[in-house]
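All values below come from the heavy atoms of this structure, side chains included, with hydrogens, waters and symmetry mates left out.
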Amino acid sequence: MERNQPNNVRVYGVLLRAGKVLMAAEKVGGRDVLKFPGGAVEAGETPETALKREFLEEGNLAVTPTYLLHVPGTLFSPWTHGEYTPIYYRVQGEGEPRTPDHETVELIFMEPTQAIESGLMAAPEIRALKRAVNGEAES
């Protein structure tokens, strides 16, 4: 029996500290955006393993996924003009993020309302951030 796999599975982590959220400022599809650290789930990886790997690659930061925040299903990205399937986790981690020189992302802690009101976040990220701030899990 063949299983249908979702398209372009991406995993992201919401890290909150002292009332601020860790955001990744980068260019996606030629557009400046704010998103959470994370990226593609590679063949043979679980979303949780991919999330840990992505945080290490993007920010030299070890994290532990604590609970599932939001799984909106397969969506069409206005940034890349392609389908993707995002999964959002609340994560915990200590230490300061240090982005390697080869990464094109800037990791910054910012106020959640500042991130939301920036106009640089996609709707699924906003939903995940609001759930994280309110301590809600995916139902």
Side-chain angles (χ1 to χ4, degrees):
M1 175 197 254
E2 186 177 319
R3 287 180 52 195
N4 283 338
Q5 295 295 321
N7 293 329
N8 190 18
V9 178
R10 316 287 293 176
V11 64
Y12 301 99
V14 181
L15 177 62
L16 296 171
R17 276 200 204 147
K20 294 188 176 185
V21 61
L22 183 63
M23 299 300 302
E26 63 183 286
K27 282 203 181 290
V28 176
R31 178 180 173 176
D32 290 326
V33 302
L34 285 176
K35 62 179 200 57
F36 305 113
V41 177
E42 296 176 359
E45 283 185 315
T46 65
E48 295 86 358
T49 301
L51 185 58
K52 291 177 183 182
R53 176 184 49 75
E54 287 287 347
F55 263 82
L56 284 171
E57 288 176 2
E58 291 181 6
N60 290 304
L61 196 59
V63 298
T64 302
T66 55
Y67 61 89
L68 194 58
L69 282 170
H70 187 42
V71 183
T74 300
L75 306 171
F76 182 79
S77 170
W79 300 343
T80 64
H81 305 287
E83 289 185 339
Y84 73 114
T85 305
I87 302 171
Y88 300 92
Y89 284 90
R90 176 73 164 86
V91 299
Q92 298 293 329
E94 299 297 323
E96 291 302 313
R98 294 180 323 278
T99 306
D101 292 338
H102 68 275
E103 282 288 339
T104 59
V105 62
E106 177 186 3
L107 298 178
I108 49 176
F109 279 100
M110 56 192 315
E111 299 287 336
T113 53
Q114 179 188 9
I116 291 168
E117 293 172 0
S118 71
L120 301 176
M121 291 180 73
E125 280 80 8
I126 292 171
R127 174 76 184 238
L129 180 52
K130 287 180 178 179
R131 283 186 167 184
V133 169
N134 293 325
E136 299 173 13
E138 180 78 2
S139 50

Please give me the minimum heavy-atom distance between Pro37 and Ala24, naming the atom from each residue.
N-CB, 4.1 Å
If you compare all heavy atoms of Ala132 against all heavy atoms of Tyr67, which two are closest, and at what distance to 0.1 Å?
O-OH, 4.3 Å
I'd like to know if the side chain of Glu125 pairs up with that of Tyr12 as donor and acceptor (distance under 3.5 Å, no hydrogens or angles considered).
no
When clusters are formed by joining ILVMFWY residues with side-chain heavy atoms under 4.5 Å apart, either directly or through shared neighbours, do Leu68 and Val9 land in the same one?
yes
Is the shortest side-chain N to carboxylate O distance from Glu136 to Arg127 below 4.0 Å?
no
Following the transitive rule for hydrophobic clusters with a side-chain heavy-atom cut-off under 4.5 Å over Ile, Leu, Val, Met, Phe, Trp and Tyr, establish whether Phe55 and Ile87 coincide in one cluster.
yes
If every non-hydrogen atom of Leu15 is compared with every non-hydrogen atom of Val91, which pair is closest and at what distance?
CD1-O, 3.5 Å
Side chain of Asp32, backbone of Lys27: donor and acceptor closer than 3.5 Å?
no
In terms of heavy-atom contacts, Arg53 and Ala40 come closest through NH2-O, 2.9 Å
If two hydrophobic side chains count as joined below 4.5 Å and joins carry through other members, does Val14 share a cluster with Met110?
yes
Under the side chain to side chain contact (heavy atoms under 4.5 Å, CB included) criterion, do Leu129 and Leu16 qualify, and how do the steps go?
CA-CA 9 Å; Leu129 180 52; Leu16 296 171; 4.3 Å; yes
Interatomic spacing from CD in Glu83 to CG in Asn8 - rounded to 0.5 Å
9.0 Å
Pairwise distance CE(Met23) to CG(Leu34) - rounded to 0.5 angstrom
4.5 Å
Any Lys130 side-chain heavy atom under 4.5 Å of Ile126 side chain:
yes
Go through Lys52 and Glu57 one step at a time and tell me if the salt bridge (Lys or Arg N to Asp or Glu O under 4.0 Å) criterion holds.
CA-CA 9 Å; Lys52 291 177 183 182; Glu57 288 176 2; over 6 Å; no
Are the side chains of Lys20 and Glu111 in touch, meaning some heavy atoms are under 4.5 Å apart?
yes
Test your reading of the model: is there a side-chain donor-acceptor pair from Thr66 to the backbone of Arg90, 3.5 Å cut-off?
yes
Measuring from atom OH of Tyr88 to atom NZ of Lys35, what distance do you get when rounded to the nearest 0.5 angstrom?
9.0 Å
Show the nearest heavy-atom pair for residues Val21 and Phe36, with the distance to one decimal.
CG2-CE2, 3.9 Å
Checking Arg131 side chain against Leu69 main chain: does a donor-acceptor pair fall under 3.5 Å?
yes
Run the side-chain donor-acceptor check on residues 112-124: report pairs under 3.5 Å with partners two or more places apart or on a different chain.
residue : atom : partner : partner atom : Å
Ser118  : OG   : Ala115  : O            : 2.7
Ser118  : OG   : Leu120  : N            : 3.1

What distance do Leu61 atom CG and Glu54 atom CD have between them, rounded to the nearest 0.5 Å?
13.0 Å
Membership question, hydrophobic clusters at under 4.5 Å side-chain separation (ILVMFWY): are Val33 and Val105 in the same one?
no
Heavy atoms of Val11 and Ala50 approach each other most closely as CG1-CB, 3.9 Å
At what distance, to the nearest 0.5 angstrom, does OG1 of Thr104 lie from CD of Glu58?
8.5 Å
If you define the side chain from C-beta out and look only at heavy atoms, does anything of Leu107 sit under 4.5 Å from Leu22?
yes
Interatomic distance, Tyr84 atom OH to Arg10 atom CZ [nearest 0.5 angstrom]
10.0 Å
Looking at side-chain heavy atoms only, is the closest gap between Thr46 and Val41 below 4.5 Å?
no
